[in-house]
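By convention in this document, chain letters (A, B, ...) are assigned in the order of the sequence lines, proteins followed by strands, and residues within each chain are numbered from 1. This one's a predicted model, so the numbers in the text were calculated from it and none came from an experiment.
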Amino acid sequence: MLTRIPKGTKDILPPESARYQAMEAMMREKAKLAGYQEIRTPVFEHTELFLRSVGASSDVVRKEMYTFKDKGDRSITLKPETTAGTVRAFIESSLYAQALPMKLYYIFAPHFRYESPQSGRLREHHQFGMECFGAKEASADAELILIAMDVLSSVGLQGIALRINSIGCPKCRPAYQEKLKAYLNGKREKLCKDCVERIDINPLRVLDCKNPACQAELTDAPRMIDALCDECHDHFEDLQSYLRAANVEYVVDSGIVRGLDYYTKTVFELTAETPNGTMTACGGGRYDKLVEEIGGPDIPAVGFGMGMERVLLLLDLMPPEMHKLKMESNAPDIYVASLNRSLAANAFPLMLAFRAAGLKADMDHAGRSLKAQFKYADKLGAAYVTVLGEDEIQKDMITLRNMSTREETEVSLMEAPEKLAAMISKRSEEE
RNA sequence: GUGGGUAUAGUUCAGUGGUAGAGCGCCAGAUUGUGGCUCUGGAAGUCGUGGGUUCGAACCCCACUACUCACCCCA
């Protein structure tokens, strides 16, 4: 157990960590272009927050939360999603008193759900997400959808499908729910036992049951989009006209209802087909009543969450030439080898001088032979190697060996960092 | 919670009852001031755990555990 990672968690090791860095840099850039600013909220919140926002009837709250009592006897929960915490911060810090809409994003936010792990499903995963407060117009919904799609295509994913739906608002949904309940109760015998349970807890969830037998029974079920009030109907029409204006393909899927209870009006998912079936990379929607529900003013909002592990998992299913993430190289510009151990004392300040000139520099820390130092430098992908020996010290000159061309350039010890910096920058210009 | 699969070196895996193996990786040498290629050598394994069958078990049987995949749900 001592050296075993907890179930459903993952270490992000190099070079994988570099992929995250590249993806995060791209996400931040996309967010910035659209005027979103970063928010960072705690890893845990009061349990009550999730009960009120995510909803006591949701699967997430009912069976997946990491909840515990702290030493002060407070019920604490590791966040299973980040919208709730963002809304809490928005209210608590009175961000609504500032210019609205306020656009916020979070990145590499850890999320915890106690479920049995499998491909693309972890107990701790990380999300990139965006939330827009104080924008009631459907253009905000469309903006978020387009950013999410842009992010996915910018890592190199293709074949991402956008599915949208509207699940109405407190004005029109209750009547629809009753109608749906009545319809479902008529089919009680024919539905799976999970669905029968859902009829009373949350009848909407029956609609996205994956059981083919259930789906077959639901073909003529009443649809929310046919029961929307005027306001919700217009909003949904507006969303679609914005999407059309942006030339985005989408399908209206009345089966999308989302597992979190706070959604109103727009809900959407971005999915990809994989050998293991359809996988959701991103999901989101509008939550116009949540801010008020939690104790803030009546402010509409819309947002999405994107699973970062999932995005990379989907990317790995694409051929390597499709990948677009640009990863920074860790390879040293220069490796300072020394002929013997006593010269390490000279190699050390030389290495520091290279670093001071802004170059990635390294040296031997393992007391290895010169040959082994070269081997190691080669493995690291060092662009240049210099060997420090008695001769070099005496003459105050060192030789910079280009590891790919084997070309050697003699420079004075003093000028070496400056000269090498010039050679490296010339080289990167040529690329 | 339900059902499948897997478990042998750091890693990927071979090994169907008789001395625990290979590729890759790692370390060293061949070249006592020079890497990639090649060759040679080396380190590294309670064969997941416990029990059973057998003269003998990595291998057959049982149980357990872990991992993994799928269902459910989701990112």
Would His111(A) pass as stacked on A75(B), i.e. its ring centre under 5.5 Å from the base's six-membered ring centre and planes under 30° apart?
no
hbond_proxy [X] side chain to [N] base (donor-acceptor, 3.5 Å cutoff):
X: Glu390(A); N: G33(B); value: no
X: Arg113(A); N: A75(B); value: yes
X: Arg401(A); N: G33(B); value: no

From the candidates C71(B), U34(B), C26(B), the one with an atom nearest any side-chain atom of Gln118(A) is C71(B)
Considering only side-chain heavy atoms of Phe374(A), which listed nucleotide, U34(B), G36(B), A28(B), is closest?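 Per side-chain heavy atoms of Phe374(A), the pick is U34(B).
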Exercise. For Ser58(A), answer base if it contacts any base atom (sugar-phosphate contacts may also be present), sugar-phosphate if it contacts only those atoms, and nothing otherwise; contact means non-hydrogen atoms under 4.0 Å.
Key: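 Nothing: the residue Ser58(A), judged by heavy atoms under 4.0 Å, touches no strand.
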**Message:** Under a 3.5 Å threshold, yes or no: a donor from one side chain and an acceptor from the other, between Tyr376(A) and Asp364(A)?
**Reply:**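 No - no donor-acceptor pair under 3.5 Å links their side chains.
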pair Leu228(A)-Lys265(A): side-chain heavy atoms closer than 4.5 Å: no
Residue set satisfying side-chain contact (heavy atoms from CB on, under 4.5 Å) with Ala246(A), at least two apart, ordered chain then number -> Leu146(A), Val248(A)
ask   = Under the criterion side-chain hydrogen bond (donor to acceptor under 3.5 Å, both in side chains), which of Glu45(A), Gln127(A), His111(A) is the partner of Thr82(A)?
value =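 So, applying the side-chain hydrogen bond (donor to acceptor under 3.5 Å, both in side chains) to Thr82(A) and each of Glu45(A), Gln127(A), His111(A), only His111(A) qualifies.
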Same-atom distance (P) from C37(B) to A44(B), integer angstrom:
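It works out to 26 Å between them.
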The Watson-Crick or G-U wobble partner of G17(B), with both key distances under 3.5 Å, is none
query = So does Lys7(A) get a side-chain nitrogen or oxygen closer than 4.0 Å to the phosphate oxygens (OP1/OP2) of U68(B)?
reply = no
